[in-house]
Amino acid sequence: MGKLFLVPTPIGNLDDMTFRAIKTLNEVDLILAEDTRNSGKLLKHFEITTQMHSHHMHNEHKTVENLVQRMQAGETIALISDAGTPAISDPGFLLTRACVENGIEVECLPGATAFVPALVNSGLPNDKFVFEGFLPDKKGRQTRFLALAEETRTMIFYVSPHKLNKTLAEYIQYFGEDRRVSVSREISKLHEETVRGTAVEVLQHFETKPAKGEIVICVAGKSMK
């Protein structure tokens, strides 16, 4: 019986790649990558020559059965995403579930995940939190916000730059203008920035300085006082 390795990759700074991740990617029989062009650059940088196949949200439903059969036959496979830990707002869940259901061992290596440094750096309570990832664009978005308006834990969202101001305005609408917010962007990269304040203050900041890059938002939960 083979094995599935879930291998985190850097979200920006290549120095965040772990020795164990490099060793694993060198030793497995096959690497599954969300985007082989992006991952090809990463593998070349670390001189990893393992065979690589594409595995993304558009083909994962079709390839899972074959991949399970290959691992049942003894192959070891590593799954990587473009950045961060597989299955966190990226492909990985379907293959992991299939392995578990078929008795194939799954091992997830520790490593880069964007929301962890954003949460710790936010200054908001992090003893309890809820990860929301990307909210629905249209259908179900208002319903989700109405439910989260009563959430008392710190909430974590992934947001694309062109939707940041709209999302901040929605926080004001559903959570109130004084709700504490922390926006972290370009984590571990050259232009890393964290902006903290009320929802109104943070929105005003990005209205004058449009955001670029990958963004994680942490929002304080509803006060019980």
Original post:
Does the side-chain contact (heavy atoms from CB on, under 4.5 Å) test come out yes or no for N165 and L203, once each step is laid out?
Top reply: CA-CA 6 Å; N165 289 1; L203 175 57; 3.9 Å; yes

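- S182 is listed as a side-chain neighbour of T194, based on a closest heavy-atom distance under 4.5 Å.
- F131 and F175 are assigned to two separate hydrophobic clusters, defined by single-linkage of ILVMFWY side chains at heavy-atom distances under 4.5 Å.
- Applying the salt bridge (Lys or Arg N to Asp or Glu O under 4.0 Å) rule to E65 yields no partners; only residues at least two apart in sequence or on another chain are considered.
- Note: M155 CE to R179 CZ = 5.0 Å, rounded to the nearest 0.5 Å.
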Subject >> Worked check of side-chain contact (heavy atoms from CB on, under 4.5 Å) between E150 and K222 >> reply: CA-CA 6 Å; E150 300 303 314; K222 182 179 180 180; 2.7 Å; yes

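- Residues S54 and N59 approach most closely at O-ND2, 3.3 Å, considering heavy atoms.
- Ion pairing between a basic and an acidic side chain is recognised when a charged N comes within 4.0 Å of a carboxylate O; R20 and E107 show such pairing.
- Between D35 and K41, the closest side-chain pair of non-hydrogen atoms is not below 4.5 Å.
- Counting non-hydrogen atoms of other residues, nucleotides and ligands closer than 6.0 Å to CD of E214 gives a total of 12 or fewer.
- At a threshold of 4.5 Å between non-hydrogen side-chain atoms, the residues V183 and I215 count as touching.
- Side chain of N102 to backbone of A98: a donor-acceptor contact under 3.5 angstrom is found.
- D29 contributes no side-chain N or O that, together with a main-chain N or O of I77, makes up a donor-acceptor pair within less than 3.5 Å.
- Residues in residues 177-224 take part in no ring-ring contact (aromatic ring centres under 6.0 Å, His included) pair, two or more places apart or across chains.
- Checking each of I172, L168, T167 against E170 for a side-chain contact (heavy atoms from CB on, under 4.5 Å) leaves exactly one that passes, namely T167.
- Using a 4.5 Å cut-off between side-chain heavy atoms of Ile, Leu, Val, Met, Phe, Trp and Tyr, with links allowed through other members, F93 and I80 fall into different hydrophobic clusters.
- Counting heavy atoms from C-beta on, the side chains of K163 and F134 never come closer than 4.5 Å.
- In this structure, the side chain of S81 does not engage the main chain of P8 through any donor-acceptor pair within 3.5 Å.
- At distances below 3.5 Å, at least one donor-acceptor pair connects side-chain atoms of E192 with backbone N or O atoms of S188.
- Counting all heavy atoms, side chain and backbone alike, R185 lies closest to A211 at CD-CB, 4.3 Å.
- Within the 4.5 Å cutoff, side-chain heavy atoms of Y171 are placed close to those of I217.
- For E132, the side-chain contact (heavy atoms from CB on, under 4.5 Å) partners two or more places apart in sequence, or in a different chain, are V130, L135, R144, L148, F157.
- Counting heavy atoms from C-beta outward, R196 and E201 have side chains that stay 4.5 Å or more apart.
- Between F115 and F129, the ring planes lie tilted relative to each other; the angle falls in the 30° to 60° range.
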**OP:** May I have the step-by-step check of side-chain contact (heavy atoms from CB on, under 4.5 Å) for S39 and I31, ending in yes or no?
**Re:** CA-CA 10 Å; S39 296; I31 296 172; over 6 Å; no

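- Side chains of T198 and D178: no donor on one and acceptor on the other come within 3.5 Å.
- A side-chain donor-acceptor contact under 3.5 Å links N26 to the backbone of I22.
- For S89 (side chain) and G133 (main-chain N/O), no donor-acceptor pair under 3.5 Å exists by modelled atom type.
- With sequence neighbours left out, Y174 forms a ring-ring contact (aromatic ring centres under 6.0 Å, His included) with F145.
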**OP:** Starting from the C-alpha separation in whole Å, work towards a yes-or-no answer on side-chain contact (heavy atoms from CB on, under 4.5 Å) for D90 and D82.
**Re:** CA-CA 9 Å; D90 280 320; D82 285 348; 6.0 Å; no

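- The environment of NZ in K189 is crowded: more than 12 heavy-atom neighbours from other residues, nucleotides or ligands sit within 6.0 Å.
- In this structure, I104 is a member of the same hydrophobic cluster as L67, with clusters built from ILVMFWY side-chain heavy atoms closer than 4.5 Å.
- Between the NZ atom of K212 and the CG atom of L164 there is a distance of 14.0 Å, given to the nearest 0.5 Å.
- If you chain together hydrophobic residues whose side chains sit under 4.5 Å apart, V116 and V7 never meet in one group.
- If you run side-chain hydrogen bond (donor to acceptor under 3.5 Å, both in side chains) between E75 and each of Q69, R70, K3, only R70 comes through.
- With a 4.5 Å cut-off on side-chain heavy atoms, H55 and L30 do not count as touching.
- Within the 3.5 Å criterion, the main-chain N or O of V216 finds no donor-acceptor partner in the side chain of S184.
- Under the 4.5 Å side-chain heavy-atom criterion for Ile, Leu, Val, Met, Phe, Trp and Tyr, I88 and L94 are members of distinct hydrophobic clusters.
- When atom types are taken as modelled, the side chain of N66 and the backbone of T63 share no donor-acceptor pair closer than 3.5 angstrom.
- Considering all non-hydrogen atoms of both residues, L124 and C218 come closest at CD1-O, 3.5 Å.
- Applying the ring-ring contact (aromatic ring centres under 6.0 Å, His included) criterion to H45, with sequence neighbours excluded, gives no partner residue.
- Looking at every heavy atom in both residues, I11 comes nearest to A114 through CD1-CA, 3.8 Å.
- Atom CD of Q72 has more than 12 neighbouring heavy atoms from other residues, nucleotides or ligands inside a 6.0 Å radius.
- Applying the salt bridge (Lys or Arg N to Asp or Glu O under 4.0 Å) test to pairs two or more places apart or on separate chains, none has a residue in residues 108-124.
- Two residues are said to be in side-chain contact when any heavy atoms from C-beta on lie closer than 4.5 Å; I48 and L42 fail this criterion.
- Across G213 and P161, no two heavy atoms sit closer than the pair O-CG, 3.0 Å.
- Shown here for P117 and I187, the closest heavy-atom pair between the two residues is CG-CG2, 3.9 Å.
- Rounding to the nearest 0.5 angstrom, the gap separating the OG1 atom in T154 from the CG atom in L119 is 6.5 Å.
- Annotation: E101, atom CD; neighbour count of heavy atoms from other residues, nucleotides and ligands within 6.0 Å is above 12.
- For the side-chain contact (heavy atoms from CB on, under 4.5 Å) test with L6, the passing option among L32, L95, T85, T96 is T96; the others fail.
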